[in-house]
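What you see below is based on every heavy atom in this structure, not just the backbone, and it leaves out hydrogens, waters and symmetry mates. As the structure is a computational prediction, the values presented were derived from the model and not from experiment.
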Amino acid sequence: MATKNIVVVGAGYAGVSATKFMAKKLKKDQDVQITLIDRHSYHTMMTELHEVAGGRVEPTAIQYDLQRLFSRKKNVKLVTDTVTGIDKESKKIITKEGTYDFDYLVLGMGGEPNDFGTPGVKEHGFTLWSFEDSVRIREHIERTVALAALEPDAAKRKAMLTFVVCGSGFTGIEMIGELIEWKDRLAADYKLDPADFTLKVVEALPTILNMLNRNDADKAVRYLEKKNVELVLNSPIVEVDEDHIKLKDGSTIPTYTLIWTAGVKATSDAADFGLEAARGQRLVANEYMEAKGYEDKNIYIIGDQVYYEEQPNTPTPQIVQAAEQTGHCAAANIVSAVKGDGEKHKFKSNYQGFMVSVGSKWGVAELFGKIHLSGFLAMIMKHIVNLKYFFDIRSGYYMFQYMMHEFFHIKDDRNVARGHSSRYGNVLWSVPLRIFYGLVWFIEAFKKIVGNGEVLKPSTWFGEGSWFTGNSVFPWTWDYAASGAATTGSSAADAVGGASATVASSTVDAASAASGAGEAAASGAGEAAAHAAHFGLSYAYGEEPMAVLDKAPNWFSSIMKVFMPNMDVAMFFQKFMVFVEIGIALCLIAGLFTWLMSGTTIILVVMFCMSGMFYWINLWFIPVAFALMNGSGRAIGLDRWVIPWIQRKLGGWWYGKPKARYGQDS
């Protein structure tokens, strides 16, 4: 059977979404090959470019390798190359390094900055529309501030420390928001005063953030003014020079840094493809995302590159939601054509809202045209939307990496939690707690082995009072013990009483010591009171500790009886649990698999609580376990070497080896 070749050009939001959709829907079609071509071997999270440019996260935080995104999609081939033309008649894609046949072609090559022909922008300005752009801006700002710190001329130093963003759309406002926060760090690093920095937004229109509700945009205006950002409105830039910009009214702004975010157009790489174009070089498509005039050639246009008028003179906006939705529309039509069901899908937009961050801690959001958020809640919503994106493209790996970069691997308190979640804290000082916690587990497990024997005489271990002798201490096994006792002529009550006595010395034996102290203190009329359990989170002399639950809930006992249907199985689990506790103890002491062991501890404590075998005074086990999940095993522990090694090995097995470029040898 002849292979159907689907070629997707561009690994942006639209291209990745379309490829993921088709790979899933066509995974059972052995005669379908999907080829994804991009000039880079990675997908860039374009909505976070400002975070790299503004020094908040490292460049790799927004760079997602295509191998990791598509390694489990056996029907997807990755190619790192640049498309230079299309032979529409013979249905071939022409690249710098070869040609690729296609039965279906999806063009999602994205856009590029539009300088509207303004003199000097290309030579002296900085655009923010690619990974390379963000790194270039970051390096330029650091270099300029370093030079300004040593500049003796006050006027020149002021110009060097004046940073201007042209354009007040989402990209521009997000960029200025990063500079608001970054300037404090830059000032500290280069021995400057933050007041020496000047931040400006230059906008040709009289208002900013014009895609937002006016009330929401005005909130952003007030926030920017509060942060001493100067808004220069109604002021188109007419010329850019190395050390200044000129406005339409003839005035100038001395600056060595102009970040241009004023417009976007379709990529110029597609200008010679011979397809009909509209304003901004965007390629015209019909309601099925088919290229106008070439509907019979199965050529589709998606993302920022497509020009489709949802309303008269209103094309699809060049935003992520539109990119993904146009990509899904084209992909759905290709899947229908391949499967031969004849169904064609018209594009129907569903824009659920707009969000803009102004730095890491504050933002504004408009959802469904009805919900308006600002500040902390808006930032939380933006993170939720970003996390949903990783779910949509089925990348748990990069979802985890995103959380690390945004919440934990953050310096200078630059996240929505204001640094409280940062791992750049005093992790080292939790090491003594980790070792102590491991010793607690080890001692308690060791008691279950020794029982009533002597610690220094191994021959007395595993005897009376040990978890390796007698019946199970688990409360749902008392029925087994009672039943067995009845068959031998003993009373069920005695059996249950014996099991109860065993439980009293289980889980955390230290509680028994407190109980014993209470018994010694009690006499006469006060004996009953001494034996009454008292709630407390610490030991009190003469009081018996209170269990979290008096007895296991019926539903929990029923579940446990399924796993432990008889005494033999229950005793196996009981003995096995002792070795589990020893394993947890040794791992915690050595700092090995600390996160996993702490998580296991939490689960075990919850189960002991549900069993009626855990006391309130020992509930500190849970918060300590959470505290040790902060990476304490990497401070002084084996996790420093073992975890990275496992990550490399598992990553190589699951994703394969990421490469700088993909092609025939991939």
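- Using modelled atom types and a 3.5 Å distance limit, the side chains of N386 and E406 yield no donor-acceptor pair.
- Looking at R157, its side chain does come within 3.5 Å of a backbone N or O of E151 through a donor-acceptor pair.
- Proximity of V135 to R138: side-chain heavy atoms (C-beta onward) are nowhere separated by under 4.5 Å.
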Test log, rule side chain to side chain contact (heavy atoms under 4.5 Å, CB included), inputs L428 and I636: CA-CA 7 Å; L428 176 66; I636 300 178; 3.7 Å; yes
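- Just one of F390, Y397, Y42 meets the side-chain contact (heavy atoms from CB on, under 4.5 Å) condition when paired with Y64; it is F390.
- Checked by atom type and distance alone, the side chain of K659 never pairs as donor or acceptor with a backbone atom of Q67 at under 3.5 Å.
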Candidate pair L209 and D216, rule side chain to side chain contact (heavy atoms under 4.5 Å, CB included), full reasoning: CA-CA 9 Å; L209 292 174; D216 293 331; over 6 Å; no
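- Among all heavy-atom pairs drawn from V284 and I301, the shortest one is O-CG1, 4.5 Å.
- Taking the side chain as every heavy atom from C-beta outward, I319 and M211 approach each other to under 4.5 Å.
- When atom types are taken as modelled, the side chain of T162 and the backbone of T198 share no donor-acceptor pair closer than 3.5 angstrom.
- Here the OH atom belonging to Y398 is positioned 8.0 Å from the CD atom belonging to Q63, to the nearest 0.5 angstrom.
- Here K227 does not pair with E181 in a salt bridge; the nearest charged N to carboxylate O distance is not below 4.0 Å.
- For W260 (side chain) and N114 (main-chain N/O), a donor-acceptor pair under 3.5 Å exists by modelled atom type.
- Distance check, rounded to the nearest 0.5 Å: OG of S360 to CG of D413 gives 8.5 Å.
- At a cut-off of 3.5 Å, with distance as the only test, a side-chain donor of N210 or T207 sits close to an acceptor on the other residue.
- Listed here is the closest heavy atom pair of E123 and G120: OE1-CA, 3.2 Å.
- Within the 3.5 Å criterion, the main-chain N or O of G15 finds a donor-acceptor partner in the side chain of T19.
- With T127 as the partner, the side-chain contact (heavy atoms from CB on, under 4.5 Å) test is satisfied by one option alone out of P113, S134, C166: P113.
- Of all heavy-atom pairs spanning G110 and Q305, the tightest one is O-CB, 4.0 Å.
- Checked by atom type, the side-chain pair H140/Y256 shows no donor-acceptor distance below 3.5 Å.
- Residues L179 and I141 form a side-chain contact, since some pair of their non-hydrogen atoms from C-beta on lies under 4.5 Å apart.
- In this structure, the side chains of P206 and N234 come closer than 4.5 Å at one or more pairs of heavy atoms.
- In this structure, K20 contributes its side chain and L69 its backbone to a donor-acceptor pair below 3.5 Å.
- Side-chain contact between Y351 and P317 is present, with heavy atoms from C-beta onward closer than 4.5 Å.
- A donor-acceptor pair shorter than 3.5 Å can be found between the side chains of Y13 and T47.
- Between the side chain of E174 and the backbone N or O of S357, at least one donor-acceptor pair lies under 3.5 Å.
- Taken to the nearest 0.5 Å, the CE atom of M379 stands 10.0 Å off from the CZ atom of F376.
- When all heavy atoms are compared, the tightest approach of G111 to D304 is N-CB, 3.9 Å.
- Between the side chains of S268 and Q281, no donor-acceptor pair of N or O atoms lies under 3.5 Å.
- Across G419 and N415, no two heavy atoms sit closer than the pair N-OD1, 2.7 Å.
- The CZ atom of R185 sits 10.5 Å away from the OH atom of Y190 when rounded to the nearest 0.5 Å.
- Under a 3.5 Å cut-off, the side chain of E51 and the backbone N or O of R56 do not form any donor-acceptor pair.
- Annotation: side chain of V145 is not in contact with side chain of D189 (no heavy-atom distance under 4.5 Å).
- Surrounding NZ of K246 are at most 12 heavy atoms belonging to other residues, nucleotides or ligands under 6.0 Å away.
- Salt bridge D392/K388: present, at least one basic N to carboxylate O contact under 4.0 Å.
- Annotation for F626: atom CZ does not count as buried by contact number, only 12 or fewer foreign heavy atoms lying within 6.0 Å.
- Remark: side-chain polar atoms of E203 are paired, donor with acceptor, to backbone N or O of S168 under 3.5 angstrom.
- Rounded to the nearest 0.5 Å, atoms CG (L107) and OH (Y300) are 12.0 Å apart.
- When every heavy atom of A148 is checked against every heavy atom of L161, the shortest pair comes out as CB-CD2, 3.7 Å.
- The local environment of CD in E242 is sparse, with at most 12 non-hydrogen atoms from other residues, nucleotides or ligands closer than 6.0 Å.
- Classification of the F407-Y402 ring pair by plane angle, with boundaries at 30° and 60°, yields perpendicular.
- Side-chain N/O atoms of R279 and Y307 include a donor and acceptor closer than 3.5 Å.
- Counting only heavy atoms from C-beta outward, the side chains of V240 and D115 never approach each other to under 4.5 Å.
- The backbone N or O of I245 lies less than 3.5 Å from no partner atom in the side chain of D241, so there is not a single donor-acceptor pair.
- Cation-pi contact between R394 and F391: present, with separation from the ring centre below 6.0 Å and deviation from the ring axis of at most 45°.
- Note: E366 CD to N215 CG = 10.0 Å, rounded to the nearest 0.5 Å.
- In this structure, a donor-acceptor pair under 3.5 Å is present between the side chains of R282 and T316.
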